[in-house]
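As structure tokens, the structure follows; a few thoughts come after it.
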There are 2 protein chains.
Amino acid sequence: MSSIKEIAKKAGVSVSTVSRALNNYTDVNQNTRKKIIQIAQELNYFPSAVARSLVTKRSYTIGLFFGDQVNSGFDHPFFLEVLSAVRKVAGDAGYDLLIFTNLHKKKATYTTLCRERGVDGLFLILTGDGKRKNEQLIELQESGIPCVAIDLPLDGERCSYVESNNFLGAKKAVSYLIKLGHRKIALIGGDEVGKVSFDRLNGYRAALIEAGLEYDPQLVRYGCYSADQAKEATEALVSENRDVTAILAVSDVMAIGAIQRLTELGWSVPDDISVVGFDDIREASTNKPSLTTVRQCKYEMGSEAIRLLMKTIEDVSYRPSPVVIPCELIVRDSTAPPRFQK
Amino acid sequence: MSSIKEIAKKAGVSVSTVSRALNNYTDVNQNTRKKIIQIAQELNYFPSAVARSLVTKRSYTIGLFFGDQVNSGFDHPFFLEVLSAVRKVAGDAGYDLLIFTNLHKKKATYTTLCRERGVDGLFLILTGDGKRKNEQLIELQESGIPCVAIDLPLDGERCSYVESNNFLGAKKAVSYLIKLGHRKIALIGGDEVGKVSFDRLNGYRAALIEAGLEYDPQLVRYGCYSADQAKEATEALVSENRDVTAILAVSDVMAIGAIQRLTELGWSVPDDISVVGFDDIREASTNKPSLTTVRQCKYEMGSEAIRLLMKTIEDVSYRPSPVVIPCELIVRDSTAPPRFQK
DNA sequence: GAATAATTCAAAAACGTTTTCGGAAATCTC
DNA sequence: GAGATTTCCGAAAACGTTTTTGAATTATTC
């Protein structure tokens with residue numbers, strides 16, 4: 001590969017002049033610069049990013065971490081759209097993306113891997129749980145490495161995160177059901193620990209309270225974002241509460257599972273019971289019946305997150321704060337007024 | 001960040017000794033080694049991958065290129081599964097993945113970007129077309145950079161590709177339809193240029209010929225892998241050939257589009273007409289009716305491709321050859337014997 | 001106990017850049 | 001035309017590693 005040295009030799013100047021010429025320094029004669037640029041093109045020269053980043057401490061690379069647990073990382077319902085946004089926005093700004101694969105390397109942590117590879121910042125798509133994970137996250141938060149996460153509350157001088165407005169999203173959905181006339185509305189929640197699930201649960205409660213309805217813990221079940229577990233939860237729910245007329249499942253995958261089981265049990269959706277999902281994944285519109293759901297703006301989440309990260313990288317004094325993206329209620333065919341109202 | 005120098009100073013030895021100690025060279029005393037390792041741990045030392053790769057010319061990084069056109073790269077129907085396989089297999093072997101984002105940087109080509117970033121090899125997920133692209137691909141093939149592609153016939157000393165057995169896959173599907181009793185079988189092809197489409201078309205023809213049926217060009221239409229175009233093609237097809245009893249659409253997306261349009265036109269699938277897809281994407285099983293389709297083994301394609309690439313990287317004398325992965329016919333509810341047979 | 005062999009380590013060059021510093025040559029000022 | 005500026009460029013250090021070479025020390029052999 002052609003190096004700066006060869007160019008220097010051919011042009012009859014020193015390497016430092018070549019470097020300055022190519023990097024648009026002002027203290028190089030126009031003719032010299034032209035000559036150097038010309039030779040560089042002839043030699044099909046491109047600077048070695050690794051040599052450069054060794055001295056500049058900037059790699060124009062952003063590290064990517066995907067979780068391994070179910071429903072995080074690759075299985076995250078909107079991983080692909082987030083990644084697509086990140087690639088687009090980061091690319092326009094001149095950053096490449098490094099996917100860390102060596103997740104389980106003996107003593108490696110997020111921090112050490114970042115330092116080892118010399119990335120400028122870190123982008124996390126994972127759900128937070130597990131003891132070791134948390135230790136790692138704390139170390140990361142204190143490391144000073146710029147980082148940003150999706151749906152994972154990071155808190156450090158140079159860390160932040162992006163999430164949907166899960167509270168208002170859930171509230172909007174439940175309010176809509178109430179407006180349709182439903183009074184006995186159940187919730188299939190995610191897990192009992194994550195912030196995401198927690199916010200959606202609270203949105204559900206807030207809508208009920210606002211409408212003067214009672215919050216009944218009996219109507220809250222958990223499906224761990226899995227279709228199968230949602231099926232079980234749904235079956236238990238409706239067998240113990242035959243007067244339920246609507247369900248909010250806080251992920252489309254769970255909502256679709258719920259509809260399937262309800263259908264098997266002889267309930268008709270939306271005639272006997274309404275079901276609302278969360279996420280608006282592709283299947284939501286192709287499902288039969290198509291799914292009323294709370295859309296998360298995935299592309300926006302990704303692009304906001306990467307912008308936040310780049311800003312943090314490029315301005316050492318910048319202190320990022322979390323970004324909350326609004327949700328949108330998409331009404332389709334899985335919801336209707338309750339039977340007794342028709 | 002702690003460097004090898006600090007360790008050397010603390011341990012009272014030279015940097016070269018530290019390096020050799022940490023890299024398991026034999027010519028370092030056991031006690032010295034132990035001391036060095038201990039100090040390295042205390043300092044939470046991790047070697048700088050960039051400094052290392054500057055001298056070793058190995059980065060343990062594989063470059064990833066995704067196409068931008070429709071139906072390649074991110075929109076490739078099984079991008080996610082391929083990436084998942086690549087991440088897993090490459091990770092186990094110690095490679096990280098670099099996503100190239102600067103696609104349109106002025107004079108950059110695959111080759112220059114690879115050299116610039118110092119990746120050990122290149123993984124391509126894109127469909128080949130466009131003049132400039134081809135020039136770039138030729139340059140890449142001749143560059144000596146190890147590379148591998150999915151569904152794109154690369155041909156160079158250190159290049160290869162992985163594809164499904166599209167010929168046999170399509171043939172299997174059509175033979176199955178013939179076995180069900182169909183005689184008038186149409187094809188919704190992809191494009192008219194790509195190898196993938198070409199192979200599937202040939203598989204279709206081969207099955208017909210093998211069964212002694214005539215190949216009728218009138219029954220072949222193209223949908224460019226798009227649902228909308230497949231709808232148009234389907235409508236034109238059945239209006240001009242009312243006696244068609246089965247269709248092979250060479251992607252699930254097109255097959256689903258075809259079914260939708262057929263339904264709108266009053267045809268019942270599979271009672272009036274059978275439809276077979278290709279790919280076996282998630283929607284294939286959730287669609288109503290669920291889709292009989294030719295499954296591509298996506299994970300296998302990804303893992304075979306990355307293995308091929310790593311072998312090419314690690315053995316300079318290795319000359320890779322293309323890998324063809326078998327397809328599997330998945331029978332679901334969109335196919336049935338033709339009406340007159342019932 | 002001298003010659004030889006084995007063990008252990010340090011010095012230094014190399015990888016390809018960027019960047020600081022200072023000096024030479026050219027230009028300006030009066 | 002002497003001094004003061006400005007313009008332009010080269011030398012050299014630095015980034016953090018690996019790797020080659022050779023030298024000092026220790027151990028072995030007879």
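Every heavy atom of this structure was used, including side-chain atoms; hydrogens, water molecules and symmetry mates were not. To find a chain, count down the sequence lines: A is the first, B the second, and so on, and within it residues start at 1. In this text, all values refer to a predicted model and were calculated from it rather than measured experimentally.
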- Message: Walk me through whether B/Ser14 and B/Thr17 qualify under side chain to side chain donor-acceptor pair (under 3.5 Å).
- Response: CA-CA 5 Å; B/Ser14 74; B/Thr17 301; 3.2 Å; yes
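- First and last contacts of DNA chain C with chain B, using any nucleotide atom under 4.0 Å from a protein heavy atom and ordered 5' to 3', fall at C/dT8 to C/dG16.
- Rounded to 10 degrees, the angle separating the terminal helix axes of the helix from C/dG1-D/dC30 to C/dC30-D/dG1, each built from five base pairs, is 40°.
- With hydrogens and angles left out, the side-chain atoms of A/Ser53 and A/Thr56 include no donor and acceptor closer than 3.5 Å.
- For residues 296-305 of chain B, the pairs satisfying side-chain hydrogen bond (donor to acceptor under 3.5 Å, both in side chains) are B/Ser164-B/Gln296, B/Asp279-B/Gln296, B/Glu304-B/Arg307, with sequence neighbours left out.
- With sequence neighbours excluded, no residue forms a side chain to side chain donor-acceptor pair (under 3.5 Å) with B/Ser2.
- Judged as a side-chain hydrogen bond (donor to acceptor under 3.5 Å, both in side chains), not a single pair has a partner in residues 140-151 of chain B (not counting sequence neighbours).
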What nitrogen or oxygen pairs link the protein and nucleotides 7-10 of chain D at under 3.5 Å?
| from | atom 1 | to | atom 2 | distance (Å) |
| --- | --- | --- | --- | --- |
| D/dC8 | OP1 | A/Asn29 | ND2 | 3.2 |
| D/dC9 | OP1 | A/Thr32 | OG1 | 2.6 |
| D/dC9 | OP2 | A/Asn29 | N | 2.7 |
| D/dC9 | OP2 | A/Thr32 | OG1 | 3.2 |
| D/dC9 | N4 | A/Asp27 | OD2 | 3.0 |
| D/dG10 | OP2 | A/Ser14 | N | 2.8 |
| D/dG10 | OP2 | A/Ser14 | OG | 3.0 |
| D/dG10 | OP2 | A/Thr17 | OG1 | 2.6 |
| D/dG10 | N7 | A/Ser16 | OG | 3.3 |
| D/dG10 | O6 | A/Arg20 | NH1 | 3.2 |

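- With sequence neighbours left out, the side chain to side chain donor-acceptor pair (under 3.5 Å) criterion links A/Tyr161 to no other residue.
- Near DNA chain D, meaning a heavy atom under 4.0 Å away, the residues from residues 37-63 of chain A are A/Leu54, A/Val55, A/Lys57.
- Applying the salt bridge (charged side-chain N to carboxylate O under 4.0 Å, His left out) test to B/Arg20 and every residue at least two apart in sequence or in another chain returns B/Asp27.
- Under the rule for a salt bridge (charged side-chain N to carboxylate O under 4.0 Å, His left out), the partners of B/Lys195 that lie at least two apart in sequence or sit in another chain are B/Glu163, B/Asp199.
- Ring planes of B/Phe65 and B/Phe100: parallel class, angle under 30° (limits at 30 and 60°).
- For the side chain to side chain donor-acceptor pair (under 3.5 Å) test, no residue two or more places apart in sequence or in another chain qualifies with A/Asp155.
- Residues passing the side-chain contact (heavy atoms from CB on, under 4.5 Å) test with B/Thr112, sequence neighbours excluded: A/Asn44, A/Phe46, B/Ala108, B/Thr109.
- Taking the side chain as every heavy atom from C-beta outward, B/Arg117 and A/Val50 never approach each other to under 4.5 Å.
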